[in-house]
Number of protein chains: 2
Amino acid sequence: MQQERNSPTLDDVAKAAGVSTATVSRCLNLPDRVAKKTLDRVMKTVDDMGYTPNFGARAMAARRTFTIGAIIPTMENSIFARGLQAFQEELRSRGYNLLVASSSYRPDVEKEQIRALVSRGADALLLIGYEREQAIYDYLERQGVPVLLAWAFLEGQVQPSIGFNNRAAMCSLANRVIELGHRRIGVISAITKGNDRAAERVAGIRDAMSQNGLNPENLKVIETPYDIQNGAAAFDELMKADPGLTVVMCGNDVLAVGALRKSKEMGLRVPEDVSITGFDDIELASIVTPGLTTVHVPHREMGRKAATELVDMVEKISNGRSAELQASLQIRDSLGVPGMSDTGGPDR
Amino acid sequence: MQQERNSPTLDDVAKAAGVSTATVSRCLNLPDRVAKKTLDRVMKTVDDMGYTPNFGARAMAARRTFTIGAIIPTMENSIFARGLQAFQEELRSRGYNLLVASSSYRPDVEKEQIRALVSRGADALLLIGYEREQAIYDYLERQGVPVLLAWAFLEGQVQPSIGFNNRAAMCSLANRVIELGHRRIGVISAITKGNDRAAERVAGIRDAMSQNGLNPENLKVIETPYDIQNGAAAFDELMKADPGLTVVMCGNDVLAVGALRKSKEMGLRVPEDVSITGFDDIELASIVTPGLTTVHVPHREMGRKAATELVDMVEKISNGRSAELQASLQIRDSLGVPGMSDTGGPDR
DNA sequence: TACGGCAATGTAAGCGCTTACACTATTGGA
DNA sequence: TCCAATAGTGTAAGCGCTTACATTGCCGTA
């Protein structure tokens, strides 16, 4: 069961090329410290032998990996995909690699993944959102691993972060909703426990209600895991509990798409009978019919900025600067004025 | 610029617990070879110090990583997400980890990623499709790294693979299309160069044409990269070049969704004016309106089987068994009979 | 009582690499 | 002509872990 790898080592290459291991190593890492002639000969040998350096050994000796780890809640859906793509591209252009892990929105899994990435020698870590045990931040500090948070930005937090204000963004969408005349609002949120983004978004809706003289207590909220099916089920539950709802605001586009689909099944027209809004502006939002009114998040910009900042942190150019990006409303057709329906508005 | 990590090492733990490094290592890896009392004391020390083993060092000493690498063409879209998720779950239950990389459908990038994963000590590799330089297989063989291919299955290939017959699957969909009366078929395919799945799918359509007495030469094919926008553009081009097309078969669902959207913009009704089909049956396929008729691929099953087989290969239980899975037609509303339109069919 | 056997632990040799330091030519300036 | 500076290369000490082998102490048995 012992793996019998006989891949060539630095030593093998050195012998074959008739130089010392130091020289081979230099050819690979600091080519201009080596005579052209030697370099050519060594590189040819490297190619001929199909030599690949052993990452573990290299990391151990050099005490760096040029690898940055990122832990996202989910790979299966595309919320983070675009941002991560940009993150990776930027990282690569700076000479770093990306190691991704996903936590399935589970704090215990995230913790495990953090240890795994540290164990693998990640030079720094990108994490999503603020909310996690303090012990984790302590651990990371002790290990000397810089961390940057993304997809969230809150004044006065200790941890450096690149993101936007989820609460304010959702509040501004809710204001728009209320402006249009909606009074009876239902909410389908992701599970807020352990997920500050989700919690902040719901809070943003309540803010808007208060600002407009509505009682936030009246807000009906259903929490459910990130999944189209769940969005559909939640919509059903919400509408059955209160058929007078004129708008259902969803914590993310995926839930909103589920709601949209369910509304169709229930024979409700959107936005005539009921309006639906999302959050994130993933590609799907522009594809469904009607197009989803949502909050546009600057994923790519966030990914790019996070990458440059994190590299700066690793290279001690910065010791962690936060940046707030702006999310904007993306108005499409799924949000309308209440009471457009022939069957009579709820407030007649 | 030198990272001054002072994270505790095995040695530190050993000293603190008053035992040798060997004992600490055993506590971590073979707990039942250690006296209960010692074990408890050591584990407590490990916890207290926040010790995390250094993966590189461990890999080097143990000559195994319990990590399996997978290189997929893209993370951004969800074709592979579901399969990969299942792959990972199964891997985890067998005590292995997954390391993912994406190649952006570029052979050179894939090659680089393969080296990177080998360099990181992957015990085995999962690759998509057959088509790549022989040199890569040779390299992997020399390195002693088992490989399994997925998402494709072809008789008589040397490499073990878990997948389905793309050609036969698409052929069966095309047969259905022709059965319904379609004669003028347009195709939007992914780039076939370096992508055997894409090429096989187009070939499958030609097979069906031959079988039904149509001339495969007449098939109009546009190749374009995997992206909704591109699908839309290709649809536009196809329909402008030949407005008489009654059906556009797409190489995957993403392109099909693009085509669907474009058809709407062009004022063409689906399937009355033109039918559209996809391939893969990603979630999106059931969400768009009309629902996409497509080929259902057993992603999860494929991921699961690939994981068990790959682990068996690493553990020398198997030296590579192939398995063919069945893809099936998923009939929805985007495929209809030609000439349903009031505006007159092409063959009036 | 003596001793084989076993359980628990320790000792130390690497695993494949980087890099500080040492060494040898070579070069150019005084 | 001599010497300092410099370029090119080699030597060897680890980096943090696993594991074969050696050692120790204990038990049960003859």
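Each chain gets a letter, A, B and so on, in the order the sequences are listed, and its residues count up from 1. No experiment lies behind these values; they were computed from the predicted model shown.
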If you compare every side-chain N and O of Thr21(A) against the phosphate oxygens of dC17(C) (OP1, OP2), does one of them come in below 4.0 Å? no
Nearest-nucleotide comparison on DNA chain D, the residue closer to the 5′ end among Val19(A) and Pro53(B): Val19(A)
Would Glu133(B) and Lys111(B) pass as an ion pair if we require N to O under 4.0 Å? yes
Any donor-acceptor N/O pair under 3.5 Å between dG14(C) base and Arg63(B) side chain: no
Give the rounded distance in Å between these two atoms: CZ of Arg26(A) and P of dG10(D). 8 Å
Can any side-chain N or O of Tyr130(B) pair as donor or acceptor with the backbone N or O of Leu154(B) at less than 3.5 Å? yes
Above 12 or not: heavy atoms from other molecules or residues under 6.0 Å from CD of Gln157(B)? yes
Between CZ of Phe55(B) and P of dT18(D) the distance, given in whole Å, is 11 Å
What's Ser25(B) touching, base or sugar-phosphate or nothing? Going by heavy atoms closer than 4.0 Å. base
Is the shortest side-chain N to carboxylate O distance from Arg300(B) to Glu89(B) below 4.0 Å? yes
What is the distance from CG of Asp11(B) to P of dG14(D), rounded to the nearest Å? 13 Å
Where the side chain of Ser20(A) is defined as all heavy atoms beyond and including C-beta, which of dC17(C), dT11(D), dC15(C) is the nearest nucleotide? dT11(D)
From NZ of Lys37(A) across to C1' of dA7(D) the rounded distance in Å is 15 Å
Value in whole Å for how far the P atom of dC17(D) lies from CG of Asn54(B): 6 Å
Looking at every strand, decide which applies to Tyr51(A) at a 4.0 Å heavy-atom threshold: base, sugar-phosphate, or nothing. sugar-phosphate
Using OP1 and OP2 only, check whether a side-chain N or O of Thr23(A) sits under 4.0 Å from dG10(D). yes
Nearest-Å distance, CG (Asp12(B)) to P (dG16(D))? 8 Å
Heavy atoms only, 4.0 Å cut-off, all strands: where does Ala35(B) land among base, sugar-phosphate and nothing? sugar-phosphate
Take atom CZ of Arg41(A) and atom P of dG8(D), then tell me their distance rounded to the nearest Å. 14 Å
Of the candidate nucleotides dG16(C), dC17(C), dA8(C), which contains the atom at the shortest distance from the side chain of Leu10(A)? dC17(C)
Phosphate OP1/OP2 of dG16(D) contacted by Thr9(B) side-chain N/O (<4.0 Å): no
Picking from dA12(D), dT19(D), dT9(C), the nucleotide nearest the side-chain atoms of Ala22(A) would be dA12(D)
Rounded to whole Å, please give me the gap between CD in Gln143(A) and C1' in dG16(D). 13 Å
In terms of side-chain geometry, is the basic nitrogen of Arg132(B) or Asp196(B) positioned less than 4.0 Å from the acidic oxygen of its partner? no
